[in-house]
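Structure, as C-alpha cells:
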Amino acid sequence: MLTMDDLVSRVRTAVSAIPTGTIATYGDVAELVGCHARQVGRIMAAEGADLPWWRVTNVRGELPAHLLPAARARWDDEGIPFVPDAPGARIASCRADPSAWVARLPREFPTGG
DNA sequence: TCGCTGACATCCA
DNA sequence: CTGGATGCCAGCG
C-alpha cells in the first residue's frame with residue numbers, strides 16, 4: 001500500500017538523486033516512484049522546498065512563471081542553459097540519463113518491481 | 001461519513 | 001490556446 005507519506009518520501013529521494021547539472025521531468029519522477037506526474041507536482045509544491053526542485057521540469061523543460069527567476073539562477077549555477085526561445089533544447093541536452101540517475105538511488109528504493 | 005467542487009509546479013490531441 | 005484525461009488533497013454541507 002502506497003500512502004501519501006510513502007510517496008512523499010520516494011519523491012524526495014528520487015529528486016535528491018538527480019545528478020547536478022541535469023534535469024528530469026515530472027513524468028520521469030512519477031514513473032520512478034510509481035504515481036501520476038501530477039501527483040509529483042503536488043508533492044513538489046508542498047514538500048519540495050528543500051529539494052533540488054529546479055532540476056525537475058515539465059516535459060518541455062519549463063517551470064511556472066513564479067519559479068522561473070529562482071530556477072534560472074540555479075540552472076546558471078549548474079551550467080544548465082536557459083533557452084527561452086527553445087525550451088525543448090534544454091530538456092533534450094540536459095535531461096538526466098535515467099540509468100545514471102536511478103543508479104544514485106539507494107538499493108532499498110522501491111521502483112515498483 | 002459521504003459527495004461535490006475547486007486548485008495543482010502535468011500531459012496529450 | 002482550448003478541451004479532456006489522470007490522481008490526490010482541502011473545503012463545504
Side-chain angles (χ1 to χ4, degrees):
Chain A
M1 181 60 181
L2 191 63
T3 68
M4 187 57 184
D5 286 345
D6 290 335
L7 204 52
V8 171
S9 180
R10 294 192 197 196
V11 169
R12 290 177 58 86
T13 301
V15 173
S16 298
I18 300 174
T20 302
T22 69
I23 55 180
T25 70
Y26 294 103
D28 289 339
V29 177
E31 186 174 355
L32 192 62
V33 304
C35 72
H36 197 265
R38 203 163 178 175
Q39 174 66 302
V40 175
R42 287 193 63 82
I43 293 172
M44 293 292 286
E47 305 287 340
D50 58 340
L51 295 174
W53 52 263
W54 56 91
R55 296 181 193 149
V56 184
T57 74
N58 65 14
V59 74
R60 295 175 54 80
E62 297 174 317
L63 284 171
H66 71 99
L67 291 173
L68 270 180
R72 282 166 50 171
R74 298 297 189 172
W75 290 336
D76 185 59
D77 287 345
E78 300 189 3
I80 299 171
F82 176 64
V83 190
D85 291 336
R90 178 172 55 249
I91 190 66
S93 64
C94 298
R95 194 172 189 169
D97 289 336
S99 60
W101 174 30
V102 173
R104 294 170 57 89
L105 297 171
R107 290 190 301 102
E108 295 79 10
F109 189 86
T111 57

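First the proteins, then the strands, lettered A, B, ... as listed; each starts at 1.
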Mate of C/dC1 across any strand shown (Watson-Crick or G-U wobble, both atom pairs under 3.5 Å) is none

Going 5' to 3' along DNA chain C, which are the first and last nucleotides with any atom under 4.0 Å from a heavy atom of chain A? C/dA5 to C/dC9

Integer angstrom distance from the P of B/dA9 to that of C/dA5: 22 Å

In the structure I gave you, are the side-chain heavy atoms of A/Leu105 and A/Thr13 within less than 4.5 Å of one another anywhere? yes

Does either side chain, that of A/Ser16 or that of A/Arg104, offer a donor lying less than 3.5 Å from an acceptor on the other one? no

Can you list the residues that meet the side chain to side chain contact (heavy atoms under 4.5 Å, CB included) rule with A/Ala71, with sequence neighbours excluded? A/Trp53, A/Trp54, A/Leu63, A/Trp75

Flag side-chain contact, heavy atom, 4.5 Å: A/Arg12 against A/Asp50: yes

Could you tell me if the side chain of A/Met4 sits less than 4.5 Å from the side chain of A/Gln39, heavy atoms only? yes

Look for any protein N or O under 3.5 Å of an N or O in nucleotides 9-11 of chain B and output each such pair with its distance, or none.
unit_1: B/dA9; atom_1: N6; unit_2: A/Met44; atom_2: O; d: 3.0
unit_1: B/dA9; atom_1: N3; unit_2: A/Tyr26; atom_2: OH; d: 2.6
unit_1: B/dC11; atom_1: OP1; unit_2: A/Gly27; atom_2: N; d: 3.4
unit_1: B/dC11; atom_1: OP2; unit_2: A/Val59; atom_2: N; d: 2.7

Atom P, compared across C/dT6 and B/dC8: separation rounded to whole Å: 22 Å

Pair partner, C/dC12 [Watson-Crick or wobble, under 3.5 Å]: B/dG3

Do A/Thr22 and A/Trp101 touch side chain to side chain, with heavy atoms closer than 4.5 Å? no

Between A/Thr25 and A/Asp28, is there a side-chain donor-acceptor contact under 3.5 Å, judged purely by atom types and distance? yes

In A/Val8, A/Val15, A/Ile43, A/Leu7, the residue satisfying side chain to side chain contact (heavy atoms under 4.5 Å, CB included) with A/Val33 is A/Leu7

State the pairing partner of C/dG7; accept Watson-Crick or G-U wobble contacts with both distances under 3.5 Å, and report none otherwise. B/dC8

